[in-house]
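Residue numbers begin at 1 in each chain, while the letters A, B, ... track the order of the sequences. Just so you know, these numbers use all the heavy atoms, side chains as well, and skip hydrogens, waters and symmetry mates.
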2 protein chains.
Amino acid sequence: MKPSHIEHIGIAVKNLDESIKYYQDVLGLECYNIEEVKDQKVKTAFFKVGETKIELLESTDPEGPIGKFIEKKGEGIHHIAFAVDKIEEKLKHAEDKGVRLVDSVPRKGAEGLDIAFLHPKSTFGVLTELCEDKNK
Amino acid sequence: MKPSHIEHIGIAVKNLDESIKYYQDVLGLECYNIEEVKDQKVKTAFFKVGETKIELLESTDPEGPIGKFIEKKGEGIHHIAFAVDKIEEKLKHAEDKGVRLVDSVPRKGAEGLDIAFLHPKSTFGVLTELCEDKNK
């Protein structure tokens, strides 16, 4: 079954406060939560646009994934997350189709979702996250 | 008023056919339209995920915007488009807030939408499109 919607778009930023201000003042979105994901070495600000979240990601460590991304590519869109059911089956299906997995088993991400990444080398340059809300 | 939803996510790809196959076979999405936008020197494939479209963009000219983007950064996510009402007012508001506009006046984009881009230098690295469906 196909993904139900874009769960979120992850955007790497250098300064969370300044970029929150832009999304609020220019685009008119409201930041409803700020959360630190220690595992990923980021502080994240969340906005809702229709059924999709914008997640601004500020690195808390230059050696973390967002710190390295900004060092290499600068600020910008980091990944897209698709909301799916049965995430384990989806990962198995992707692997069977020859896709390289970053996470072969789902792990806990922001907001308690089960998440797993597909490697951008296998997805035409797009770091792709699958995520499932098993609490809903 | 804030954007109602993410209208689409634009993704720059080198080969439309190969990447369509990935989005169909791995993610289970269905390509419902392929359209050439001569003005932008691209061929575009459309998929729907909930209320958001994925638009794969293959350059038809190395000197076009997608050709240059891939030359510089490689394949990957190119821009995000927010669905808005009263696009002219939104552009004026963004300009008043100090945002540099790529298009100070909306122009016609794919699927007949009125579109305008904000410059990534003013939007923390994210090429940002506003778009309005005036036919709805």
Side-chain angles (χ1 to χ4, degrees), chain A residues 1-16 18-30 47-54 56 70 72-80 82-84 90 93-99 118 120-128 130, chain B residues 1-16 18-30 47-54 56 70 72-80 82-84 90 93-99 118 120-128 130:
Chain A
M1 215 178 61
K2 72 178 198 176
S4 58
H5 61 285
I6 306 290
E7 211 281 331
H8 66 266
I9 301 169
I11 298 173
V13 301
K14 287 181 186 166
N15 183 307
L16 205 57
E18 283 178 18
S19 48
I20 286 172
K21 195 166 150 46
Y22 160 75
Y23 281 88
Q24 291 192 149
D25 293 355
V26 175
L27 294 181
L29 303 176
E30 186 197 348
F47 302 80
K48 200 84 198 270
V49 195
E51 63 193 4
T52 299
K53 291 165 204 149
I54 301 282
L56 303 181
I70 289 179
K72 192 173 163 192
K73 302 200 168 190
E75 291 183 299
I77 307 165
H78 180 257
H79 68 274
I80 308 178
F82 293 89
V84 299
K90 296 292 186 304
H93 174 72
E95 196 168 29
D96 288 348
K97 291 282 180 185
V99 171
L118 313 183
K121 291 256 186 227
S122 294
T123 60
F124 301 88
V126 176
L127 179 58
T128 300
L130 304 182
Chain B
M1 216 178 61
K2 71 178 200 177
S4 59
H5 61 284
I6 305 290
E7 211 281 330
H8 67 266
I9 300 168
I11 297 173
V13 300
K14 288 180 185 167
N15 183 306
L16 205 57
E18 284 179 17
S19 47
I20 287 173
K21 195 165 149 46
Y22 161 75
Y23 281 88
Q24 291 192 148
D25 293 355
V26 175
L27 294 181
L29 302 177
E30 186 197 348
F47 302 79
K48 200 83 199 271
V49 195
E51 63 194 3
T52 298
K53 293 166 202 148
I54 300 282
L56 303 181
I70 288 180
K72 193 172 162 193
K73 301 200 168 192
E75 293 183 298
I77 306 166
H78 180 258
H79 67 274
I80 308 178
F82 292 89
V84 299
K90 295 292 186 303
H93 174 73
E95 196 168 30
D96 288 348
K97 291 281 180 186
V99 170
L118 312 183
K121 291 257 187 226
S122 295
T123 60
F124 301 87
V126 176
L127 178 58
T128 300
L130 303 182

Identify which of B:Asp25, B:Val13, B:Val99 forms the greatest number of heavy-atom pairs closer than 4.5 Å to chain A. B:Asp25
Hey, does A:Ile6 have a side-chain heavy atom less than 4.5 Å from the side chain of B:Ile6? no
Does any heavy atom of chain B fall under 4.5 Å from the side chain of A:Ser19, the backbone, both, or neither of them? both
Return the option, out of B:Lys90, B:His93, B:Glu51, with the maximum number of heavy-atom pairs under 4.5 Å with chain A. B:Glu51
One should read off an interatomic distance between B:Leu16 CG and A:Phe124 CZ, to the nearest 0.5 angstrom, of 10.5 Å
Pair count under 4.5 Å, heavy atoms only, with chain B: among A:Val26, A:Ile77, A:Leu29, highest is A:Ile77
Given that the side chain runs from C-beta out, which part of A:Ile11 has a heavy atom under 4.5 Å from chain B: side chain, backbone, both or neither? side chain
Considering only heavy atoms and a distance below 4.5 Å, find which of B:Leu27, B:Thr52, B:Leu130, B:Asp96 pairs most often with chain A. B:Leu27
Is it the side chain or the backbone of A:Leu127 that comes within 4.5 Å of chain B heavy atoms, both, or neither? neither
Tell me whether B:Glu75 contacts the main-chain N or O of A:Val126 through its side chain, where contact means a donor paired with an acceptor under 3.5 Å. no
Of the listed A:Lys2, A:Lys48, A:Lys73, A:His79, the one with the largest count of heavy-atom pairs under 4.5 Å with chain B is A:Lys2
Is any side-chain heavy atom of A:Thr123 less than 4.5 Å from a side-chain heavy atom of B:Tyr23? no
For A:Ile54, is it the side chain, the backbone, both or neither that has a heavy atom under 4.5 Å from a heavy atom of chain B? side chain
Considering only heavy atoms and a distance below 4.5 Å, find which of B:Lys14, B:His78, B:Glu18 pairs most often with chain A. B:Glu18
Under 4.5 Å, counting heavy-atom pairs only, tell me which of B:Ala12, B:Pro120, B:Gly28, B:Gly98 racks up the most with chain A. B:Gly28
